[in-house]
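One-based numbering, in listed order, for ligands and for the atoms of each. Counting begins at 1 with the first residue of the sequence.
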Amino acid sequence: MSFRKTPLTSHLGVEITGIDLAADLGTDPDSTADEGAGGNLFGDLKQAWLDAGGMMVIRDQTLTRNQHMAFSRRFGPLFHDPGQPPLQDTVSRYLHPDHPQIYRVSNKVDEQGEPLGRARAGTYWHSDVSFRDRPAGASVLYGIEVPDHGGDTIFANMTAAYAALSDGFKAILDGLEAVHDFAVAAATQYAQPLVIEGDFDGANRSVHPVVRTHGETGRKSLYVNPGFTSHLKDFSAEESKAILQPLYDFATRPEFLYRHRWRSGDVVVWDNRCLMHYAIKDYTADRYMERCTAIGERPV
Ligand code: SIN
C-alpha cells in the first residue's frame, strides 16, 4: 500500500488519499522489529506530516474507536492511557464513557438532552493542553458527522511566523519564558459553572520557552497562545500584553494560515508543538467529532 500527497497551501498542510488507517501501517519507524506487511508506511506518513509543517488531512476514513486510538498512539502515549496523566477534569464530562482517551467535540445531545461533547471546544486560538509540563504533541481529530458548510478549523503556522520575524526581535524572544495556565481559558472561554475547581491546583499551570525547538525537525516555533498563555515570566500583565498581542496578530496573518473545510471521514492530525488552531462556531447543523491527544515532550 502507498498513498498520494497533495499540498494544501504553499507553507502548511498535506492532503493524504489512498490510505486506510485501519490497515497494517507497518512497524513503528523507531523499532528494529521486522517491518511486516505494512512496511514502513507509518514512517512515510509521519515524514509527510513533518515535512508539511505538522498538518495533514487524511481523507475517507472509517475507523472504530480502537483503531482511532491505535493510530493516534503511534504519535505518543495518549492522555488517559494507563499510567499517563488525564486531561483537565473540566472536560471529563465530554470524554467517551468507555474510552476516556477520546474527547468528544460536538453540538449534539443524547436522548436525555445531555451534551454528547463540548460544542464550543477550541473556539479560540490555542495549542492543545499547553498548560501542562508535557503538553500535547499530535492531536488526531476524526470528523464523523460534519455540517455541509461552516464548522471549519483554522491552523496557524507558528514556525513560519517565527521565521518571518526580524533577527532583532527573534533575539529578544529567544530568551523569554511564558506562563501557561488553564485558568486563562476558564476565565474567558468556559462558562464558569462548568469549571471544576480542582483544575486550579497547579497541575494545569506551566512555564515554557516562548520559542521552542521541535524535537523531531529541529525547527524553531513561537510557543505562546491567547487561549492558555497567561503572561511572560517576570513581566507584568501590561508589559506581557504589549509583547504578546502583536505576536498573536502577526502569527494569525492570512499568509500563515490554513483553513480546513471538513468532509465526513476526515482524520486531521496537527502538531501542537508548532501550530495554533481555532474552531469556528458558525453553524447550527449537527457536528460530531472525536479527538485523541498524544502527549508530547517537555518544550525546550
Ligand atoms: C479542538 O480544539 O480540538 C476542536 C477543533 C474543532 O472542533 O474543529
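- Using cut-offs of 30° and 60° for the angle between ring planes, the Phe71 and Phe75 rings count as perpendicular.
- With a 6.0 Å radius and a threshold of 12 heavy atoms from other residues, nucleotides or ligands, Arg93 has its CZ atom above the threshold.
- Shown in contact with Val105 at under 4.0 Å from a heavy atom are these atoms of ligand 1, numbered in order with element: 7 (O).
- Annotation for ligand 1: atoms under 4.0 Å from non-hydrogen atoms of Gly122 are 2 (O).
- Close approach to Ala279 involves these atoms of ligand 1, each under 4.0 Å from a residue heavy atom: 5 (C), 6 (C), 7 (O), 8 (O).
- In terms of protein heavy-atom proximity, atom 7 (O) of ligand 1 is closest to Arg287 NH1, 2.9 Å.
- Other residues, nucleotides and ligands place more than 12 heavy atoms under 6.0 Å from the CG atom of Asp110.
- Annotation for Phe200 and Ala186: closest pair CZ-CB, 3.7 Å, computed over non-hydrogen atoms.
- Heavy-atom distances between Trp270 and ligand 1 reach below 4.0 Å in at least one pair.
- The nearest protein atom to atom 4 (C) of ligand 1, hydrogens excluded, is given as Ala121 O, 3.7 Å; this is a heavy-atom distance.
- From the protein, the heavy atom lying nearest to atom 2 (O) of ligand 1 is His277 NE2, 3.0 Å.
- Here the heavy atom of the protein found nearest to atom 8 (O) of ligand 1 is Thr153 OG1, 2.5 Å.
- When heavy-atom distances to ligand 1 are checked against a 4.0 Å cut-off, His126 comes that close only through its side chain, counted from C-beta outward.
- Residue contacts with ligand 1 do not include Met289, since none of its heavy atoms lies under 4.0 Å from the ligand.
- Applying the 4.0 Å criterion to heavy atoms of Arg291 picks out, from ligand 1, the atoms 1 (C), 2 (O), 3 (O).
- Ring geometry for Trp262 against His260 counts as perpendicular: the plane angle is over 60°, on a 0 to 90° scale with 30° as the lower cut.
- For the side-chain hydrogen bond (donor to acceptor under 3.5 Å, both in side chains) with His180, the lone residue among Ser230, Ser130, Ser206 that qualifies is Ser130.
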